[in-house]
Amino acid sequence: MSESIALPLPAQHSRIAGATSESPLVKSLLIGTALIFLAVFLFLPVLAVFYEAFKKGAAVYFAALVEPDAWSAIKLTLLIAAIAVPLNLVFGVAAAWAIAKFDFRGKQLLITLIDLPFSVSPVMAGLIYVLIFGAQGWLGPWLSEHDVKVIFALPGIVLATVFITFPFVARELIPLMQAQGNEEEEAAIVLGASGWRTFWHVTLPNIKWGLLYGVILCNARAMGEFGAVSVVSGHIRGLTNTMPLHVEILYNEYNFAAAFAVASLLALLALVTLVLKSIVEWKTRESVSDLSPEPVQK
Amino acid sequence: MSISVRNIAKRFGDFVALDNVSLDFPSGELTALLGPSGCGKTTLLRIIAGLEVADGGSVLLDGEDASSQSVRERQVGFVFQHYALFRHMTVFENVAFGLTVKPRAERPGKAQIAHKVHELLKLVQLDWLADRYPSQLSGGQRQRIALARALAVEPKVLLLDEPFGALDAKVRKELRRWLRRLHDELHVTSIFVTHDQEEALEVADRVVVMNHGHVEQEGSPQDVYDNPASPFVYGFLGSVNLFHGRVHGDTLKVGGHELELDAHTLAPGDPAIGFARPHELDIRRPGEGLADGLPARVLRVLPLGASVRLELALADDGQIIEAEIGRSRLRELALTEGETVLVLPASVRVFPAPAAADKAVQPR
């Protein structure tokens, strides 16, 4: 008896749920659409990459990865990420610091400029560097006189990658640092801490999750960039081919198994990035919720 | 340590935050900087701390010009309105911060720091929270930790920016009393900024009332409340009734009636505004006693605790005034809403009406 009285209650609650809630039909329709869309356009292609990569067996798969040209592409990609990401880490923190903590002339311009790589086509980004450093470019004659190779060599690829990836860290940090304000830094300085100490002990711990998030995204893009790198690299096998470029070459040679094997590494990188990203996002949300001036009253 | 500021000026773009402010804060006293928001009180506090640089003037700490000293050298304790606790550090680490960042030569040992921190946490009665993080504390607890942190470096001056501004009314009242007791124990020269007149009057030894970047009045809480130096101070400290009229000898002519005035320096015939606080108004029934009063109609009778607030409309111009009388007096009068009574201010201070003040400045 008591059960039959207790049961209907939750149902009544759901009927008078919030004003913005929809009927179950609309709800499932919306969720279904989103899920089908994801499956067709995201999940299926990722699955296809791994399917194609392993189609001819694991032996072929691993052989394709240790093949000298593929291996050198992997190493080059890691090297470029290892140079570009720290550079953008330093730049991103400096830019975000300047924008969030100081008022200066041209601040709005700086914010706009940081977004520039997002709005410019990657091919353009590559071409800019060819125009400046290429044989026919502004600095070309001077560079070849001094025997410095930028275009069709490592420096050019690094430059293009840095250009493409530099908004990620700064964009992530600016809103976070603006939300946190200056007060903690001021408190540290009044208590006698030097600027350097304040940065290491107060500012950095407060932004570490946001920073990591920016670095993860920056790294994913640095390793996956195709357009800009394609323009400046020259596609020299075993020398200036990054992983995405190598995939394209293999594919054009109808070497599908090898192409998909290398591509599967990039896909794997994407999956790892996603997992890390969700973990860090969750942590960031925690550190931002600490910001609320008044806690839950006990 | 005594603090003096001399001719401090500060503007933000077109906005004048401080206009030639000079003040003295004697050693060991607790002073309140009181004023509405935007009056420059927080800016002044930040300039004294060294967090903000004045456009002109100087800050003297113990008689010495501190203008060339950086924030770190000034040895001030600063408590921020929103506490500014380091959110990734425990309460213990927060309070210890000022000691751990000292240069190696001056830094106390680990055990000494721990001892000192626990002493301070006991002082603010939160010893049991040492291992918590700021996000786990209530607002009042955070504020007390912020105070302990500021005191850890043994500052010569304690500056508090709206220390209770973000707290609810009950906690605020408790902390106010607690701050007063703490100050009586420590006797550190302290300045706190507030927009709450009740808080300033209750806690401070001295009150400085500020408005539009300059000092309106300074003095003891009693003094500024009882003898406001300007219409602004009158209006800002407690509620007040205004009577527009003309000076006539020792009286103010309001409509066809005369109100007796306190001592004043206005010339006869000058337009003036009389100020009287609600509790300074006496209410009589017409015909009771001999004195003349302003006829007014009783709009509402609001019993509030020990006293009763009356809302009245003056018969002459319909202006609303407030009076506060004792409960026994109300029983004597047996007032009902809607009837007409006589309002008789026990004390009226006059200030020139704004138009007259302008005329006085411009020589003809």
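Quantities reported herein were computed from a predicted structural model and do not represent experimental measurements. Order of the sequence lines fixes the chain letters, A, B, ..., with proteins taken first and strands second; residue numbering starts at 1 for each chain. Just so you know, these numbers use all the heavy atoms, side chains as well, and skip hydrogens, waters and symmetry mates.
Interface remark: B:Thr100 contributes backbone atoms only to the contact with chain A (heavy atom separation under 4.5 Å). With a threshold of 4.5 angstrom between heavy atoms, B:Leu99 does not approach chain A through any atom at all. For a residue to count as touching a neighbouring chain, one of its non-hydrogen atoms must lie under 4.5 Å from one of that chain's; by this rule B:Arg149 touches chain A with backbone and side chain alike. In this structure, the portions of B:Val76 lying under 4.5 Å from any heavy atom of chain A include both its backbone and its side chain.
In this structure, B:His115 places its NE2 atom where only 12 or fewer heavy-atom neighbours from other residues, nucleotides or ligands lie under 6.0 Å away. The environment of CZ in A:Phe43 is sparse: at most 12 heavy-atom neighbours from other residues, nucleotides or ligands sit within 6.0 Å. In the displayed structure, B:Glu202 atom CD is contacted under 6.0 Å by more than 12 heavy atoms of other residues, nucleotides or ligands. The environment of NZ in A:Lys27 is sparse: at most 12 heavy-atom neighbours from other residues, nucleotides or ligands sit within 6.0 Å.
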Intermediate values then yes/no, salt bridge (charged side-chain N to carboxylate O under 4.0 Å, His left out), A:Asp103 and A:Lys107: CA-CA 7 Å; A:Asp103 271 318; A:Lys107 186 162 154 175; 3.2 Å; yes
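A salt bridge links B:Arg176 with B:Asp196: the closest approach of a Lys/Arg side-chain nitrogen to an acidic carboxylate oxygen falls below 4.0 angstrom.
Annotation: residues 196-203 of chain A contacts chain B through A:Arg197, A:His201, A:Val202 [non-hydrogen atoms, separation under 4.5 Å].
Ring to ring, A:Phe166 and A:Phe168 are not that close: their centroids are 6.0 angstrom or more apart.
Results of the ring-ring contact (aromatic ring centres under 6.0 Å, His included) test with B:Phe86 over B:Tyr133, B:Phe80, B:Phe97 single out B:Phe97 as the only residue that passes.
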